[in-house]
Every structure is written in C-alpha cells, then in structure tokens.
Amino acid sequence: MSIEGKNVIITGASAGIGEACAKLFARNGANLILTARRINKLNELADSLRSAYNVKVHTIEMDVRNFDEVKKKFENLPAEFKTIDVLINNAGKALGVEKIQDGVLSNWEEMLDTNVKGLLYVSKIIIPMLIKQNHGHIINIGSIAGHEVYPGGNVYCASKFAVRAISKGMGIDLSGYNIKVTSIDPGMVETEFSLVRFAGDEEKAKNVYKGVDPLVGDDIADIALFAATRPEHVDLREIVVTPTAQSSATIVHRK
Ligand code: 8X3
C-alpha cells in the first residue's frame, strides 16, 4: 500500500522521532497534520516539507496535556484533512532517573500527563473519526521501557507500560472497525530525549550513547512507514527495536 496522498497526524513533530516521521512520510507523498508546543520550529519544518515534496502540511500548536485544546483544534481541521488515515501518537518524554524514593513530583506528573493522558486525549478525539470512516491506523510510539523496568526508570517505565496496555486495549476494542493499531517500542534512540531527561545536561545526555551506535529518529520513521504501508489485511501489532549493541534495557555493549 502506498502512503501517497494519505493524511497523517503526528504529535510531537517538532523534533526527534516525530520530525523524522514527518520528513519520511512527506518524502513519500503523505499530507501531514503536525502538532507540537514549539510552533515556530514546526512551521519551519512544514515550510521545508511543502517546498521539497509538494505535500499539504497543516501545523497545530498543541500541548497534548490540555484536553480542551486537543479537542478544539482537532475538531476544526481544514476541509482537506477531514479523512484521517494514520495517527502517530509520538509526543512523550522522560524526566529524570531518580530512585523512586527521591522522585520529583512535578516530573512524575509531566510524564504521566504527556505520555499517558496526552496520548489518551488525542486518541479520544481521533478514534471516533476513524470509526466513522471505518478505516484508519493508530501507531503509538512506546518504548522498551514498556517491557522492562530499569534502575531509575520507575515512573517513566510505568508510563510506557501504560502505553503498551493502551495499545493492546485499542487493538481489542477497535476490532471490527477496520482500524489497525501498532505499537513501536524502541530502545536507545539518539534524539533530544536524553537531553530532556537530564534537564539540559549535555555531558550526561551524551554518555547514554557513549560507545554505542544508537538508533536515530530515521530508523523509527522507517519502521513507522513500513507498518503504515502494509496491505489492508496486515496489522503489525507490536515492534520492539533496539540498537544491535543493546540487547535489553540494561544490557548494552559499549566499544
Ligand atoms: C527510551 C528508551 O531505555 O531510555 O524510551 O527507556 S529507554
């Protein structure tokens, strides 16, 4: 199946995996609805995609943690985007690696509000549209942290375990509506992820990937595009992907 001419929503599209998905899907002819909090960055990306690939790109400044904002903005899409073919629930983050006893309450809240509730808010608005169309594909960006808990991972892992449960729940409950649900669960991907996790500490962020050839956003975009272009009757449910040097959340071979 081709993605050309299809309408694809990507949340958290201003950087990292979301941005990489936007670029690859646009290169393959998809029209995009991109959301992020950083609207200037998003608009720059949109301009470059429109001129490079001649596709339609609609940008929305959105904090997925605000349900009223999510609802209002998705319910007022331009007419040419009334059909939604693919939703990539990408917006998410990790904050900190403190032990549970030292956890920072505001970090816990921001991770759960973004990774879990934000994904639910977006899905709550988009799923009825997909049901009405009797067609669609939800791709949730999970994590290896949804399969394994590692030291200091506690609440971030909990959020990604939740995403995994939600993906499975979506797959079960949407049975019969011709809606595919895919969870892509990466290990180490070198993006702004670790910089955000370590509150801007570049040294700590760099150390995460030291001596490893990590995944990059493009690797995940490649998998998302593969999942989104399988034939109508094929649904890739769960894809776990790590760098070759990473065999589990904690087992990493460093050069
Ligand atoms: C990102 C992967 O291992 O840092 O979700 O949790 S990990």
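- Residues Leu45 and Ile88 share a hydrophobic cluster, clusters being chains of Ile/Leu/Val/Met/Phe/Trp/Tyr side chains in contact below 4.5 Å.
- Expressed to the nearest 0.5 Å, how far CG of Leu105 lies from CD of Glu110 amounts to 12.0 Å.
- Hydrophobic clustering (ILVMFWY, side-chain heavy atoms < 4.5 Å, transitive): Leu174 and Ile139 are in distinct clusters.
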Arg164 vs Glu238, salt bridge (charged side-chain N to carboxylate O under 4.0 Å, His left out): CA-CA, chis, key distance, verdict
CA-CA 9 Å; Arg164 189 160 165 231; Glu238 190 171 67; 2.9 Å; yes

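- Under the 4.5 Å side-chain contact rule for hydrophobic residues, Ile220 and Val208 do not share a cluster.
- Contact annotation: the side chain of Ser14 never approaches that of Glu19 to less than 4.5 Å [non-hydrogen atoms, C-beta and beyond].
- Residues Met62 and Val8 do not share a hydrophobic cluster, clusters being chains of Ile/Leu/Val/Met/Phe/Trp/Tyr side chains in contact below 4.5 Å.
- Residues Thr35 and Phe74 have side chains in contact (heavy-atom distance under 4.5 Å, counting atoms from C-beta outward).
- Ion pairing between a basic and an acidic side chain is recognised when a charged N comes within 4.0 Å of a carboxylate O; Asp47 and Arg50 show such pairing.
- Cluster membership check: Ile179 does not share its hydrophobic cluster with Ile239, using side-chain heavy-atom separations under 4.5 Å among Ile, Leu, Val, Met, Phe, Trp and Tyr.
- Side-chain atoms of Gln246 come within 3.5 Å of backbone atoms of Met188 as a donor-acceptor pair (strictly under, hydrogens ignored).
- Remark: Arg230 qualifies as a cation-pi partner of Phe226 under the 6.0 Å distance and 45° angle criteria applied to the six-membered ring.
- Between the Lys56 side chain and the Leu32 main chain, no donor and acceptor come within less than 3.5 Å of each other.
- Between Asn140 and Val181, the shortest heavy-atom distance links the atoms ND2-CG1, 4.4 Å.
- Contact annotation: the side chain of Ile84 approaches that of Ile9 to within less than 4.5 Å [non-hydrogen atoms, C-beta and beyond].
- More than 12 heavy atoms of other residues, nucleotides or ligands sit less than 6.0 Å from atom NZ of Lys6.
- Donor-acceptor pairing under 3.5 Å is recorded for the side chains of Asn89 and Ser123.
- Asn7 and Thr83 form no side-chain donor-acceptor contact under 3.5 Å, judged by distance and modelled atom types alone.
- A salt bridge does not link Lys93 to Glu192: none of the charged nitrogens lies less than 4.0 Å from a carboxylate oxygen.
- The environment of Lys99 atom NZ is sparse: at most 12 non-hydrogen atoms of other residues, nucleotides or ligands sit within 6.0 angstrom.
- With salt bridges taken as basic N to acidic carboxylate O contacts below 4.0 Å, none links Glu202 and Lys206.
- Under the 3.5 Å distance criterion, the side-chain polar atoms of Lys73 are matched with a main-chain donor or acceptor of Glu61.
- Judged as a ring-ring contact (aromatic ring centres under 6.0 Å, His included), and not counting sequence neighbours, the contacts of Tyr121 are Phe67.
- Closest heavy-atom contact between Asn28 and Leu24: ND2-O, 2.8 Å.
- Within 6.0 Å of the CG atom in Asn54, the count of heavy atoms belonging to other residues, nucleotides or ligands does not exceed 12.
- Side chains of Val196 and Leu95 form a contact here, defined as non-hydrogen atoms less than 4.5 Å apart.
- Between His137 and Leu87 there is no side-chain heavy-atom pair separated by less than 4.5 Å.
- Put simply, the side chain of Ser159 never gets that close to the backbone of Val116: no donor and acceptor are under 3.5 Å apart.
- Scanning all heavy atoms of the two residues, the minimum distance from Ala249 to Tyr150 falls at CB-CD2, 3.7 Å.
- Using a 4.5 Å heavy-atom cutoff, the side chains of Asp213 and Thr244 are not in contact.
- Residues Glu232 and His135 meet the side-chain proximity criterion, which asks for heavy atoms closer than 4.5 Å.
- Within the 4.5 Å cutoff, the side chain of Asn115 has heavy atoms near those of the Tyr156 side chain.
- Counted by atom type alone, Ser143 and Asp185 present zero donor-acceptor pairs between their side chains at under 3.5 Å.
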